[in-house]
Chemist: 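Shown below is the structure under consideration.
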Amino acid sequence: MEKDTNESAAWTKRENESPIPKHERRASEKDIRESIAWAKINQDVLKSMETPRKLYWVILFFAFAAFSVGVGCEVYQYQNGMGVSNKNNPHAWGLYISTFIFWIGMSHSGTLLSAILHLMHADWRKPIFRFAEALTTFSLMTAGLFVMVHLGRLWQFYYSVPYPDERGLWPNFQSPLLWDAMAIFTYLSSSILFLYIGMIPDLAICRDHLHEGWRKNLYTWLSLGWEGTDRQWRNFRVTYLTIACFLIPLAVSVHSIVAADFAMSQQPGWHVTSFPAYFVAGALYSGCSAIITLFIILRYVFKFEEYMTLPILKKTVRLTFAIAMIWTYLNAVEFASVWYSHDQASKDVLIQKVIGPFAPFWWGMIFCGSVVPLTLAFKRFQTNIPVLFVVSLLLNLGMWLERWMIVAPTFSHGYYPWTWDHDQWPGFVQWGMVFASFGWFTMLFMGFCKVFPSVSMYEVKEMVYHRKLHLKKSETAEQGAH
Amino acid sequence: MIDSGLDRRDFLKVLGWGGAAVALSGCGNTSVEDGKETVVSYVEAADYVIPGIGVYYNSTCAQCDAGCSINGRVREGRVLKLEGNPASAINRGRTCGLGQAGVQHHYNPDRVREPLLRHGDKNEVITWDKAYALIAEKLSGAKGDEVAFLSGGVSGHLKVLLGNYLDSIGSKNHFVYEALAPAVVRAANKKAYGVEMPRYNINKAKVVLSFGADFLGAWVSPVHFSQQYAQFRKGVDGQRGVLIQVESKMTLTGANADRWIPVRPGTEGILALGIINALGTASGDIAAAVKGYDRARVSKETGVPPGQIDKIAALLKLRSPSLVLAGSAAEGYAHGSQNAAAINLLNQVLGNVGKTVEASTSVPFPQMAPAKGNTVALKSLNDGLAAGKYKVLFCYAANPVFTAPGAMKFKDHLAKAGFKVAFAHYLDETALQADLVLPLDSALEDWGTQVPEYMTEGAQINIQQPLMEKLHANTRGMGDILLALVKQRRAEEYKSFDDYYAYLRGAMLLNKNALGGSGADDDTFWNETLTKGIVKLAGSAGTLSGKASAAGLTLPVPSAADVQYPLQLIPGVTASLRDGRHANQPWLQESPDPLTTIVWDSWVEIHPKKAAELHITEGDIVEVTSRSGSIRAQAYLFPGIHPDAISVPLGRGHEALGRYAKGYGANPFQILDAVFDQETGELAMHETRVKVSKTGQRVVVVKDEGAAGGKQMGRKIAVLVTTDEVDLSKEA
Amino acid sequence: MHRLLRLSILLMGLSVAVSGYAADAPQPTLTTEDDLGPQVVQPIEFPHDRHAGLRNPGDPLKGGMEIDCMYCHTYARRSAVAGIPPLQKCIGCHQSIETVRNKPRIQELFKYWDAKKPVPWKKVHDLPDFVRFNHERHIKRFVEQQNRPTQEACGYCHGDVKQMTVARRSKALSMGWCANCHQKDHPVTAAGGTPVGNQAYWYGFQKPVADAAGGEYKAPDTNNIKAQGPNDCWQCHK
Amino acid sequence: MSVSNLLENWAQFRHFHPIDDKPHDPYKWAMSIDLDACTGCNACSVACYAENNLPVVGKEKYQHGHGMHWMRIERYWDEGLGVAGGSDFPDHGAQFLPMMCQQCEAAPCETVCPAAATNHTADGLNSQIYNRCVGSRYCSANCPFKVRYFNWYDYPTTDNVWPAEMNQQLNPDVTVRSKGVMEKCTFCVQRLHAAKGTAKNEGRLVHDGDVQTACQQVCPTGAITFGNLVDHESKVHKQWQSQQVELDKDAQVKDQKEGGSGLRGYRIFEELRPYPSVMYLERVRESAI
């Protein structure tokens with residue numbers, strides 16, 4: 001241990017000595033420095049969990065205040081009826097459902113990073129997957145709230161839960177909404193499990209660094225007696241891999257099923273075969289851009305420059321760009337299939353989006369979702385943190401607009417022209433609820449960062465170890481060549 | 001329906017499911033409960049009263065004067081719904097939306113419940129005895145001709161009793177006022193056919209050419225005409241009837257026409273003469289009279305293309321019999337009588353008289369025949385009030401403060417009357433001006449008889465009877481009030497009648513034989529009468545007199561454009577709101593206007609071309625200014641109106657009446673000019689010229705129509721075929 | 001395999017099995033004697049046992065009078081709503097029963113009668129407002145068509161009222177409870193019952209197949225059909 | 001209800017072509033509306049308010065699209081009106097269309113409701129169970145006709161919807177809906193059930209004419225015909241038959257004839273295959289004028 005620390009100190013020293021030393025140039029292209037000391041990893045990560053600064057509380061307070069707005073809106077809506085949210089016939093859904101899809105979509109990033117890339121042995125995911133997984137869990141929790149808020153009779157929500165009841169009734173298993181509820185619940189519980197199990201070795205580290213207090217008890221309890229024995233590691237890896245495998249189809253199914261809410265219906269603009277793929281692509285897209293946003297924030301706030309390095313960011317950005325292009329393509333496919341379908345009603349919906357009352361939002365979506373990501377194609381922007389921060393926010397705005405553009409135009413221009421309605425603008429209750437969802441998410445996420453390690457210590461160590469091995473091997477090979 | 005001999009009065013006494021304990025279904029408990037709700041039983045119950053089972057009683061709809069018989073469903077002592085009585089030849093089991101809303105008149109929360117003595121804006125609740133005493137006191141200080149009685153159309157025993165009462169006072173001042181009565185047409189009909197209202201057989205006509213007669217909407221007896229219309233569409237001899245509607249503002253009937261012809265306002269008569277000319281079948285003085293009306297001139301003056309006139313003439317020639325109707329659009333001008341006469345002439349030229357225009361049957365009891373309302377009555381009353389002639393004024397079933405043209409200044413003149421008594425259901429605009437307001441029973445809790453003005457098969461007397469107990473203890477029936485008042489003066493004569501019910505029963509039994517009850521004993525006859533709700537009478541079939549003549553027919557050339565007031569104001573009469581007396585029935589307020597689909601508000605119909613000229617778009621608040629005043633309302637771009645005219649619907653714009661009426665919309669009565677028909681002296685409703693200006697304010701028009709307007713966007717929703725594409729004979 | 005994995009598989013399997021069994025098992029009947037509603041305090045403590053209970057041959061003054069339910073509750077067979085007998089009904093008999101005339105309850109009754117006021121009875125079997133139970137149909141079916149004793153037929157839902165004083169709810173009256181009965185197969189030609197028309201078929205949502213060839217609508221063979229109560233939500237919820 | 005029961009019922013309830021495998025028997029309620037007779041007078045709509053306890057929502061809420069008219073009268077203008085080459089005036093009048101729940105056989109609303117609050121009944125109605133509704137509004141989202149109306153507010157407790165006395169008019173046979181539930185035209189199911197009950201008591205089927213919907217009963221021109229489509233003697237059956245419109249077809253044979261069939265019957269959005277139970281008869285215009 002001590003040796004490691006010395007080595008690390010030596011690194012620092014050398015960096016200070018030369019303006020652009022050879023290693024450093026190489027290091028800037030590396031995902032992580034091989035020589036980083038394990039103790040430093042522990043120290044840095046645990047430091048992020050220390051008693052928060054004042055600013056933390058201020059932000060948390062604002063997040064809570066934002067959430068309270070939503071609570072207020074919900075109480076108001078609960079007491080007076082859905083009408084206060086300014087929905088109507090035909091605009092039955094509004095922002096609740098579009099924001100619901102938005103948050104569900106956001107949740108896909110964590111699975112992508114932690115499960116898919118895990119299986120693909122892309123080890124650069126290791127320093128960032130933990131918070132991405134937390135992002136998944138919390139955005140699912142946020143999305144779940146919207147399902148509840150959306151119901152006209154929240155107090156009877158259990159009618160759509162399948163359980164053997166006294167009435168002898170079951171919910172309608174044909175309804176995509178029911179699949180939705182089930183898929184989300186399964187995904188949420190699996191995500192929590194995945195997040196938790198992946199955290200056990202880290203929780204043990206946390207436990208070992210503490211001597212008393214509620215945290216000690218919490219970590220002791222949660223780490224399930226982790227000792228780091230070989231057998232534990234072996235079992236851990238099997239379990240982790242199993243859940244990862246399980247999670248991938250779930251993630252895909254969740255958003256496919258959300259897509260099915262629309263695609264299984266009969267409405268123009270919704271009844272589209274490509275919707276599941278389109279939704280999943282959109283989900284990964286918004287998830288990735290959310291990861292970029294949080295990446296930048298965490299890197300800055302917790303000074304995680306050593307772990308959340310620019311090369312990793314660059315990889316994430318490139319992944320985002322690729323997904324953006326897939327999404328753009330799927331968008332084009334959707335429009336083309338509508339346009340050549342001879343389905344006048346669907347065409348009308350599309351026309352309304354492009355040149356009708358929804359045009360500003362629709363073009364905003366195209367701009368944010370398809371044009372803005374083009375900046376990510378340029379190398380110099382790929383590591384430019386201020387630009388990326390703005391771009392990632394814009395991308396998410398675009399994705400939010402996309403969801404709204406899926407929901408609203410079909411309602412306002414359905415099959416039946418008599419009920420067409422252009423002038424529907426969500427009421428303050430709806431906006432309040434959307435606003436609150438960000439507060440709620442921020443609250444959860446900030447709480448997580450302070451209670452749990454937002455960077456996976458053991459995986460980073462693993463990564464460093466692997467890299468070091470690799471470096472040694474290549475050095476040996478180099479020497480051998482000489 | 002009751003077949004038992006139980007007396008209706010007894011029934012009413014036992015009825016009542018414990019008064020106020022009425023359980024609303026659905027908004028109460030949501031789980032199985034024990035011992036929380038009270039269930040109130042009957043004290044005594046008639047055999048036929050079973051909780052949960054509806055009992056049906058026949059009565060007469062009082063929402064308008066058409067005299068439709070209704071059948072009320074009563075459950076647990078509450079009347080729930082009105083249906084048409086299938087036995088009535090007028091409505092044959094059907095009703096209109098207005099009739100449906102009759103229950104909302106009855107249950108209206110804004111009904112007057114106590115006799116009120118008004119001091120300025122304050123109400124003092126008084127007893128009936130005090131109210132009667134007050135009337136007696138005021139009457140004692142007035143001579144007979146200083147007493148005036150203003151009423152809407154009345155008929156039946158109420159009319160008799162009212163006549164007797166006025167007689168007892170020594171007053172001849174009974175003013176029968178209806179704001180929207182077809183009075184000019186009545187006069188023209190009298191001239192042309194010898195009867196005021198002949199029987200129109202729309203169902204027998206192959207072509208109906210209607211000059212603004214909204215017989216499907218609000219004209220004379222719409223439910224009856226609607227049924228005839230349905231038969232007419234099915235066709236005589238398999239030939240589907242053709243409806244051509246000539247009017248400047250599209251009415252509901254116009255919207256159902258095969259051809260709707262927007263004619264320049266006021267030139268209906270010219271077009272009629274033009275058609276006679278084009279027919280070329282007239283001879284004698286008629287031919288001479290129409291000689292000048294060649295198609296070029298008629299087309300120029302009416303704005304109807306010459307080809308159209310020929311087409312109409314050709315169709316009328318080809319398909320006979322036809323029917324030509326003169327409606328409110330034709331009669332509403334200073335030359336309204338001439339218009340109506342020209343139109344009636346067309347009917348005569350076409351030989352429809354005797355075929356589709358038949359004499360109606362008259363009621364064998366002339367004293368019960370309806371006193372038909374008109375606007376001449378209002379004018380003479382107004383003149384009298386202005387001169388301060390009346391010390392006591394009674395007002396019943398009319399709301400002249402709301403419906404009198406603004407130019408008449410009726411409200412100001414009314415203040416000159418010494419003591420004003422209003423018999424009212426609501427505190428309407430007129431009741432607010434009264435000194436004494438006497439609360440009336442609703443039509444569903446009152447007794448009465450009614451003789452409809454427009455009768456279909458033979459003559460009939462409609463029975464109005466209570467469908468349930470009174471809602472409010474202190475309201476009284478108009479008959480009961482009149483009886484009490486007449487007893488003040490002729491106590492001896494009326495002492496045998498405890499109440500109006502007894503009077504009615506006595507009067508009916510007196511004429512039992514004439515009423516078709518010969519041989520039956522009194523109770524049987526009476527119960528049967530009540531059960532049926534209608535007394536059908538043989539009546540005497542009238543004959544049409546009068547022959548076709550064009551004598552005295554002069555139609556003015558349409559005047560040149562008025563620069564200051566360039567537009568003609570057409571007050572729109574809608575089927576549900578009419579003259580506004582029922583505006584406090586929320587179903588009617590929320591029932592979209594069929595043509596514009598607007599609810600809860602007034603609007604100004606402007607032709608899109610005219611609107612573009614004036615830079616007006618939908619939802620602009622515009623100010624409509626006439627020589628007599630101005631109102632503000634939202635603009636609605638409506639293709640079914642002549643570009644030289646605008647239309648504002650009547651019935652809204654109340655300043656009183658109740659929570660569902662007050663403050664909604666504008667009242668175009670206020671800006672009507674006091675122009676009168678030259679012959680009859682009736683108010684010329686369509687003769688007000690206005691200008692329209694934008695105020696700069698905008699609102700969202702509250703209507704049912706969506707953003708697509710009336711377009712189907714290429715979808716097959718309401719589909720249309722022409723007669724050459726369809727074979728109606730294949731239909732079952 | 002690892003212990004944890006084995007354990008979790010075991011647990012999952014177990015939970016699937018248990019929930020499957022629970023879901024597939026017939027619902028427990030909620031209509032035991034213990035499932036009584038609360039005791040309701042009525043303005044007059046009406047003794048159902050005295051009116052409808054069995055006669056006591058030894059002492060006629062103590063036992064019941066075996067009055068048929070429908071003697072007083074006449075509306076039940078004629079209307080969906082059972083209602084409460086009019087006061088007139090009570091008085092009709094009691095004005096000529098001098099023996100009990102001075103009992104406090106009867107005096108109370110006459111007080112109401114003299115004031116011409118209805119007795120404010122409390123509803124004992126109060127279904128939610130969105131549930132519409134049709135008394136008439138049940139009585140027609142069980143009493144008139146199948147000749148079951150009135151007290152038995154009424155007792156299906158109201159319990160053994162003849163043993164109660166003030167009526168008390170003794171059945172769950174919950175939806176599952178109602179549906180339970182509606183799902184039972186009742187042979188149409190039950191003892192004493194006669195199939196009327198093709199009524200069998202109105203009871204079921206089991207629809208006999210119409211004659212395929214002619215397309216003509218044919219009454220099914222009622223002998224082989226067991227009827228169920230209607231199984232259509234709109235039957236009770238409108 | 002056990003799982004096996006569930007599966008069994010499933011197969012019973014959820015079938016698409018009721019005619020093919022499970023004929024409606026003995027009842028299939030259906031309607032036909034003659035648009036040539038309909039004058040657009042709105043009486044049916046008001047009658048529906050009276051019969052079915054529909055709340056009057058008031059101007060402000062109506063403006064927000066909260067009107068609750070189960071039966072709405074739509075007014076269409078000719079496509080050529082006001083466009084270039086067309087007329088400036090509605091020369092042929094307007095077209096009125098009464099639109100209410102079409103009681104589709106394969107109703108899009110039924111499949112999507114998560115709580116199974118809307119179902120198909122054995123007599124071919126699309127039932128809406130208020131107390132089962134959770135208010136997801138998915139049914140409305142999926143209804144091509146947009147004839148489902150949501151209780152955006154708690155109307156029974158809203159001022160001036162049913163103030164004192166006015167509430168005595170409420171029909172006790174129809175549940176008053178509270179906030180958060182969906183509602184729609186029921187074909188006056190309370191009347192249907194009453195008629196069925198009476199018929200059962202008398203040991204017979206419901207005869208044609210025994211039961212009328214409120215809109216049918218009021219219609220001044222008799223444009224609405226309602227009855228049992230299975231009953232070959234019923235007027236509605238005869239009309240459907242003479243118009244060659246069949247319930248379980250998504251394209252009628254008569255429409256494929258050369259040069260048109262000369263018949264007027266059609267159903268709206270047949271091509272979407274909801275198999276509506278309401279047949280409309282096309283509005284006719286005279287070609288000679």
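Chain naming here is simple, since letters A, B, ... match the order of the sequence lines and numbering starts at 1 in each. Source: prediction; values computed, not measured.
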Chemist: May I ask you to check if D:Arg75 and D:Phe96 form a cation-pi contact, with NZ or CZ under 6.0 angstrom from the six-membered ring centre and within 45° of the axis?
Modeler: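 Relative to the ring axis of D:Phe96, which defines the angle, D:Arg75 lies outside at least one limit.
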Chemist: What is the ring orientation for D:Tyr155 with D:Tyr153, classed by angle as parallel under 30°, tilted 30 to 60°, or perpendicular over 60°?
Modeler: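 Geometry flag for D:Tyr153 against D:Tyr155: perpendicular rings.
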Chemist: Pick whichever of A:Trp270, A:Trp93, A:Phe411 has the most heavy-atom pairs under 4.5 Å with chain D.
Modeler: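 Most heavy-atom pairs under 4.5 Å with chain D: A:Trp93.
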Chemist: Going by side-chain hydrogen bond (donor to acceptor under 3.5 Å, both in side chains), name the residues that satisfy it together with A:Tyr278, two or more places apart in sequence or in a different chain.
Modeler: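 If we apply the side-chain hydrogen bond (donor to acceptor under 3.5 Å, both in side chains) test to A:Tyr278, skipping adjacent residues, the hits are A:Asn331, A:Glu402.
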Chemist: Heavy-atom pairs under 4.5 Å with chain D are the metric here; pick the option from A:Ser85, A:Ser175, A:Gly81 that has the most.
Modeler: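 The candidate making the most pairs under 4.5 Å is A:Ser175.
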Chemist: Just give me the residue among A:His271, A:Gln156, A:His150 that pairs up with chain D most often, heavy atom to heavy atom, under 4.5 Å.
Modeler: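 If we count pairs closer than 4.5 Å to chain D, A:His150 comes out on top.
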Chemist: What part of A:Trp179 lies closer than 4.5 angstrom to a heavy atom of chain D: side chain, backbone, both or neither?
Modeler: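 The answer is neither part of A:Trp179.
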Chemist: Count the heavy-atom pairs under 4.5 Å between each of A:Ala345, A:Pro268, A:Pro176, A:Ser160 and chain D, then report the option with the highest count.
Modeler: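 Among A:Ala345, A:Pro268, A:Pro176, A:Ser160, the one with the most close pairs to chain D is A:Pro176.
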Chemist: What part of D:Ser136 gets closer than 4.5 Å to chain A, counting heavy atoms only: side chain, backbone, both or neither?
Modeler: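 Both backbone and side chain.
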Chemist: Taking ring pair (Phe, Tyr, Trp, His ring centres under 6.0 Å) as the definition, give me every residue that meets it alongside D:Tyr280, ordered by chain and number, with sequence neighbours left out.
Modeler: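 Residues passing ring pair (Phe, Tyr, Trp, His ring centres under 6.0 Å) with D:Tyr280: none at all.
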Chemist: For the residue pair A:Tyr415 and D:Phe269, categorise the inter-ring angle as parallel (less than 30°), tilted (30 to 60°) or perpendicular (more than 60°).
Modeler: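 A:Tyr415 vs D:Phe269 ring planes: tilted.
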Chemist: Of the backbone (N, CA, C, O) and the side chain (C-beta and beyond), which part of A:Phe262 lies under 4.5 Å from a heavy atom of chain D, both, or neither?
Modeler: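 The backbone, not the side chain.
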Chemist: Considering only heavy atoms, which portion of D:Phe150 lies under 4.5 Å from any heavy atom of chain A: side chain, backbone, both, or neither?
Modeler: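 Contact with chain A: side chain only.
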Chemist: Would you mind telling me which of A:Asp180, A:Leu151, A:Val84 has the largest number of heavy-atom pairs within less than 4.5 Å of chain D?
Modeler: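 That would be A:Leu151.
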Chemist: Would you call D:Arg72-D:Glu74 a salt bridge at under 4.0 Å N-O?
Modeler: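 Salt bridge present between D:Arg72 and D:Glu74.
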Chemist: For chain A, find which of D:Pro114, D:Gly180, D:Pro108 contributes the most heavy-atom pairs closer than 4.5 angstrom.
Modeler: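 Counting heavy-atom pairs under 4.5 Å, the top option is D:Pro114.
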Chemist: Could you check whether A:Asp348 and A:Gln352, counting side-chain N and O atoms only, form a donor-acceptor pair closer than 3.5 Å?
Modeler: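 No, no side-chain donor-acceptor pair sits under 3.5 Å.
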Chemist: Any chance the rings of D:Tyr49 and D:His69 have centres within less than 6.0 Å?
Modeler: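 When the ring centroids of D:Tyr49 and D:His69 are compared, they turn out to be at least 6.0 Å apart.
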Chemist: Name, in order of residue number, those residues of residues 142-149 of chain D that have a heavy atom at a distance of less than 4.5 Å from a heavy atom in chain A; otherwise write 'none'.
Modeler: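 D:Asn142, D:Cys143, D:Pro144, D:Phe145, D:Lys146, D:Arg148, D:Tyr149, listed by number.
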Chemist: Would you say D:Gln128 and D:Glu183 are linked by a side-chain donor-acceptor pair, where the criterion is simply a distance under 3.5 Å?
Modeler: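 Note: D:Glu183 and D:Gln128 side chains miss the donor-acceptor criterion.
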Chemist: For A:Asn86, is it the side chain, the backbone, both, or neither that has a heavy atom closer than 4.5 Å to a heavy atom of chain D?
Modeler: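 Side chain of A:Asn86 only, per the 4.5 Å heavy-atom cut-off to chain D.
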Chemist: Tell me which of these, D:Gly65, D:Cys133, D:Pro274, has more heavy-atom pairs under 4.5 Å with chain A than the rest.
Modeler: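 Option with the greatest count: D:Gly65.
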Chemist: For the pair D:Asp78 (side chain) and D:Gly80 (backbone), establish whether a donor and an acceptor sit closer than 3.5 Å, ignoring hydrogens and angles.
Modeler: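 No, D:Asp78 side chain to D:Gly80 backbone: no donor-acceptor pair under 3.5 Å.
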Chemist: Among side-chain atoms of D:Thr118 and D:Asn126, is any donor-acceptor pair under 3.5 angstrom?
Modeler: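 Yes, side-chain donor-acceptor contact under 3.5 Å.
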Chemist: Given a strict heavy-atom distance threshold of 4.5 Å, which part of D:Met99 is in contact with chain A: side chain, backbone, both, or neither?
Modeler: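 The side chain, not the backbone.
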Chemist: For D:Asn131, which residues count as a side-chain hydrogen bond (donor to acceptor under 3.5 Å, both in side chains) partner, sequence neighbours excluded?
Modeler: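 Testing D:Asn131 for side-chain hydrogen bond (donor to acceptor under 3.5 Å, both in side chains), a comparison that skips the adjacent residues, returns C:His237.
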Chemist: Under 6.0 Å between ring centres, would you say that holds for A:Trp404 and A:Trp362?
Modeler: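 So the answer is no for these two rings.
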Chemist: Under 4.5 Å, counting heavy-atom pairs only, tell me which of A:Thr410, A:Asp261, A:Leu154 racks up the most with chain D.
Modeler: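 It is A:Asp261.
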Chemist: I'd like to know which of D:Ala117, D:Ser140, D:Ala115, D:Gly67 tops the heavy-atom pair count under 4.5 Å against chain A.
Modeler: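 Counting heavy-atom pairs under 4.5 Å, the top option is D:Ala115.
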